[in-house]
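Chain identifiers are assigned alphabetically (A, B, ...) following the order of the sequence lines, protein sequences preceding nucleic acid strands; residue numbering begins at 1 within each chain. Everything numeric in this text was worked out from a predicted model, so none of it was measured.
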Amino acid sequence: MRDDRSGPLQAAFFDRNALEVAPALLGKLLVHEIDAETKIVGRVVETEAYTGDDAAFHAWGIIDGPTGSVVPSGRGYDLFAPPGNAYVYLCYGMYWMLNVVTEREGVAGCVLIRAVEPIAGINEMYERRPTAANDISLTDGPGKLTMAFGIDKDHHKQSLCSPPLYFAHGPPPAEAIRTSSRIGITRAVDHQWRYFLEGNPWVSKGTPSDVAAERRRERHRGRPKRRRNSS
DNA sequence: AGTATGATTTCCT
DNA sequence: GGAAATCATACTA
């Protein structure tokens, strides 16, 4: 069976560990076919992996395995869905985050799409992001790219292996793949599970969480002890 | 240029 | 009640 490089990436691509899928997605194209005339395309330049062995994961604490029962509660339950499904959730009450579910159905895992480089439909992206000052700020962050692409709750649990929203093959990236700690989390900050294309201007500007945690410790060093639990 | 803060909703303890 | 996989704006220097 030949690999059709012109169509959407199929479920088999996502049917493995998030730590493999996350770097493999770099250089792939995120495509949203809004309607017959409108197609928004971006090149993936930054991803993060989230796995079952991960305290920062939304599925953390949900029982996983053939003998244990999976308790279907909370948003994390949707991370046990089939590979290639979308996991879209609201972050800080305002911004939609786009994730692709990885691993076979029944095993939780996902990859967060953190930044893309605009390839097509740039005018449509500006319409959806009126505050963007330039092409870079259009899609250089996970909340920014979902705004630019018009991705929200309606895409949650939908398949990303067929239109309207899907990934496609692209040219192999010329940039080197680099890793770091993930951004914006407070648990499992030492996992180097963020992947990005070195030097690409669309990579988000956030501080990796291990660096942020170190800076916090530095700032609080020598200060009087924080009073806690004064209910 | 770097740092701080408000917005706003869902989930968890 | 508080934190959360963020972003835009208003500060300070």
Completion exercise
Ranking Ser137(A) and Leu112(A) by the position along DNA chain C of their nearest nucleotide, the one closer to 5' is Leu112(A)
Handout entry: N or O in side chain of Arg129(A) less than 4.0 angstrom from dA8(C) OP1/OP2
Key = yes
Practice task
To the nearest Å, give me how far apart CG (Asp140(A)) and C1' (dA8(C)) are.
Solution key: 12 Å
Exercise for the section: Scan side-chain atoms only and decide if Ser181(A) and Gln192(A) contain a donor-acceptor pair under the 3.5 Å cut-off. Expected result: no
Problem - Rounded interatomic separation in angstrom, taking CD1 from Ile151(A) and C1' from dA5(C) - result: 15 Å
Problem - Pairwise P distance for dT3(B) and dA5(C), with rounding to whole Å - result: 23 Å
Practice task
Return the value, rounded to whole Å, for the distance between atom NZ of Lys153(A) and atom C1' of dT8(B).
Solution key: 15 Å
Practice task
Starting from P on dC7(C), measure out to CG on Leu98(A) and report it in whole angstrom.
Solution key: 13 Å
Completion exercise
To the nearest angstrom, the CG-C1' distance between Asp78(A) and dC11(B) comes to 14 Å
Handout entry: Any donor-acceptor N or O pair under 3.5 Å, side chains Asp35(A), Thr38(A)
Key = yes
Practice task
Would you indicate what Met94(A) reaches in the nucleic acid, counting non-hydrogen atoms under 4.0 angstrom: base, sugar-phosphate, or nothing?
Solution key: base
Exercise for the section: Tell me which nucleotide among dT9(B), dA5(C), dT8(B) gets nearest to the side chain of Leu90(A). Expected result: dT9(B)
Problem - Spacing between Met97(A) atom CE and dT9(B) atom P, to the nearest angstrom - result: 15 Å
Exercise for the section: Tell me, yes or no, whether the heavy-atom count around Lys153(A) atom NZ, taken from other residues, nucleotides or ligands under 6.0 Å, exceeds 12. Expected result: no
Handout entry: Backbone of Ala49(A) reached by a side-chain donor or acceptor of Arg194(A) within 3.5 Å
Key = no
Practice task
Take the angle between the ring planes of His32(A) and His155(A) and call it parallel below 30°, perpendicular above 60°, tilted in between.
Solution key: perpendicular
Problem - Whole-Å distance separating the CG atom of Leu79(A) from the P atom of dC11(B) - result: 13 Å
Handout entry: Donor on one side chain, acceptor on other, Asp78(A) and His156(A), under 3.5 Å
Key = yes
Exercise for the section: Respond yes when some side-chain nitrogen or oxygen of Thr186(A) is under 4.0 Å from OP1 or OP2 of dA4(C), and no when none is. Expected result: yes
Exercise for the section: To the nearest Å, give me how far apart NE2 (His156(A)) and C1' (dT9(B)) are. Expected result: 15 Å
Practice task
Ignoring backbone atoms, test whether His58(A) places a side-chain nitrogen or oxygen under 4.0 Å from the OP1 or OP2 oxygen of dC11(B).
Solution key: no
Handout entry: Any Arg114(A) side-chain N or O less than 4.0 Å from OP1/OP2 of dT6(C)
Key = yes
Handout entry: Cationic tip of Arg182(A) above Tyr195(A) ring, under 6.0 Å, 45° of axis
Key = no
Practice task
Respond yes when some side-chain nitrogen or oxygen of Lys205(A) is under 4.0 Å from OP1 or OP2 of dC7(C), and no when none is.
Solution key: no
Problem - Listed nucleotide nearest any side-chain atom of Tyr95(A), set dA4(C), dA5(C), dA7(B) - result: dA7(B)
Practice task
Using the six-membered ring of Tyr126(A), assess whether NZ or CZ of Arg128(A) lies under 6.0 Å from its centre and within 45 degrees of the ring axis.
Solution key: no
Problem - Stacking of Tyr92(A) on dA4(C) base (centres under 5.5 Å, planes under 30°) - result: no
Completion exercise
For DNA chain B, the dot-bracket notation using Watson-Crick and G-U wobble pairs below 3.5 Å, [ ] for pseudoknot-type crossings and | for other-strand pairs, is |||||||.||||.
